Amino acid sequence: MDWKTFQALLSGVNKYSTAFGRIWLSVVFVFRVMVYVVAAERVWGDEQKDFDCNTKQPGCANVCYDHFFPISHIRLWALQLIFVTCPSFMVVMHVAYRDERERKHQAKYGESSKLYSNTGKKHGGLWWTYMLSLFVKTGIEVAFLYILHYIYDSFYLPRLVKCDVSPCPNTVDCYIGHPTEKKVFTYFMVGASALCIVLNVCEIMYLTSKRVVRIINKIKRRHNGHMSVPQEDYSNDHFNNRSMAMSTLDLKGRPPSFKSTYKSPSRLSTLKVSEKMRASAPNLSSAE
């Protein structure tokens, strides 16, 4: 298997991932792919050749090996790595589909017209595609862990197994090659798979909470928009704008105010005449 090509394909997923997605990708390459390529393949090697039984009965060793190891650990992990990284290509293909739509739209309506502000931004259908890929990856990880535990009855590799499958003449003892190394690598790969599951769950929770907060803020803005009353502009209203100076033409057309009438010369002369008339009038109260 060409792991360099595999890495080149997955490198495009990194720029569309969140922080948790980038950590997940690093764990897959460093703790799973690199360990698988550099060490695990050499430890397992030709494991059937290292499986020895204390009998020379023809076919007994082969049947016992197939009984206890129906599928090799190393091949099961290879399938797991392939299947668990395939959902990430859904995001890349969705972004490529958006890019193609954007290109056709700009070719038809001009480069200034855009369908998406950013084709790689996780909104709309791309958000659902990304969430679907996370759920599928998590399901695949859990399924392969269950298969590994179910086939081998546990994650533990014994040094000795007892086989009584035909054509073995009786119960024979069979010995597994490099049992301690295989047990260590098995626990390591299971732990790395469990870490990837935790990262996927954290990313699902992060994206869900972020979307819920965005929806709540949108509802609040919509509610505030309905409650707010539009303010009218009274800057051009001559009646309500007291700071605006009135022209002399407006003053001529308006009736005199109380203050101007009270302070006018005609008003003062009228008051003086009324005072003289009051002084000249007889005092009727004193006459009684």
Side-chain angles (χ1 to χ4, degrees), residues 3-33 77 79-147 190-228:
W3 292 106
K4 292 183 179 179
T5 306
F6 184 69
Q7 182 178 2
L9 290 174
L10 279 180
S11 60
V13 182
N14 192 28
K15 57 183 178 181
Y16 305 124
S17 302
T18 62
F20 291 104
R22 294 187 181 95
I23 296 174
W24 175 87
L25 200 60
S26 301
V27 170
V28 169
F29 277 118
V30 176
F31 294 103
R32 300 179 74 174
V33 175
W77 290 333
L79 287 175
Q80 183 180 4
L81 288 173
I82 293 172
F83 278 103
V84 85
T85 50
C86 283
S88 299
F89 296 126
M90 297 166 58
V91 181
V92 178
M93 289 188 291
H94 197 144
V95 174
Y97 168 74
R98 279 187 168 188
D99 291 335
E100 183 64 20
R101 283 193 64 192
E102 186 71 26
R103 186 188 64 81
K104 290 181 178 180
H105 182 79
Q106 290 183 356
K108 186 176 181 179
Y109 298 102
E111 294 184 358
S112 58
S113 178
K114 288 187 176 182
L115 284 174
Y116 308 98
S117 58
N118 184 4
T119 55
K121 198 169 185 180
K122 288 179 284 296
H123 286 299
L126 185 60
W127 186 87
W128 289 105
T129 303
Y130 197 91
M131 289 291 291
L132 179 63
S133 68
L134 290 176
F135 279 107
V136 173
K137 286 191 294 186
T138 306
I140 291 172
E141 294 278 14
V142 173
F144 271 92
L145 285 179
Y146 174 76
I147 290 171
V190 169
S193 182
L195 178 60
C196 289
I197 293 174
V198 173
L199 290 173
N200 288 333
V201 173
C202 291
E203 191 170 10
I204 290 171
M205 295 174 61
Y206 168 74
L207 290 174
T208 304
S209 60
K210 192 175 180 181
R211 188 174 181 85
V212 169
V213 170
R214 188 184 299 116
I215 292 174
I216 292 174
N217 292 334
K218 187 183 293 185
I219 294 173
K220 286 182 178 179
R221 287 195 300 267
R222 188 179 302 171
H223 180 71
N224 294 333
H226 286 305
M227 294 296 294
S228 62

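Nothing here was measured: the structure is a model prediction, and the numbers come from that model.
Side chain of S133 to backbone of Y130: a donor-acceptor contact under 3.5 angstrom is found. R32 places no side-chain N or O within donor-acceptor distance of the main-chain N or O of S193, the cut-off being under 3.5 Å.
Two residues are said to be in side-chain contact when any heavy atoms from C-beta on lie closer than 4.5 Å; E203 and L199 fail this criterion. For the pair N217 and R221, the minimum side-chain heavy-atom distance is below 4.5 Å. Residues I23 and C202 are not in side-chain contact: their nearest non-hydrogen atoms beyond the backbone lie 4.5 Å or more apart. Between M93 and T129, every side-chain heavy-atom pair lies at or beyond the 4.5 Å cut-off.
Remark: L134 CG to S88 OG distance equals 8.0 Å, nearest 0.5 Å. Annotation: the span from W127 atom CH2 to R214 atom CZ amounts to 9.0 Å, rounded to 0.5 Å. Separation of atoms CG (L195) and CH2 (W24) is listed at 11.5 Å; rounding is to 0.5 Å. Taken from CZ in R211 to CD1 in I216, the straight-line distance is 12.5 Å, to the nearest 0.5 Å. Rounding to the nearest 0.5 Å gives a distance of 10.5 Å between SG of C86 and CG of L81. The structure places CD1 of I140 at 10.5 Å from CD1 of I147, a figure rounded to the nearest 0.5 Å.
In this structure, M90 and L132 approach most closely via the heavy-atom pair CE-CD2, 3.5 Å. Nearest approach of V27 to A192, heavy atoms of both residues: CG1-O, 4.3 Å. Across V84 and E141, no two heavy atoms sit closer than the pair CG2-OE2, 3.1 Å.
The number of heavy-atom neighbours closer than 6.0 Å to CH2 of W128, taken from other residues, nucleotides and ligands shown, is 12 or below.
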* Asked: So L207 and F20, side chain to side chain contact (heavy atoms under 4.5 Å, CB included) or not? Walk me through it.
  -> CA-CA 10 Å; L207 290 174; F20 291 104; over 6 Å; no
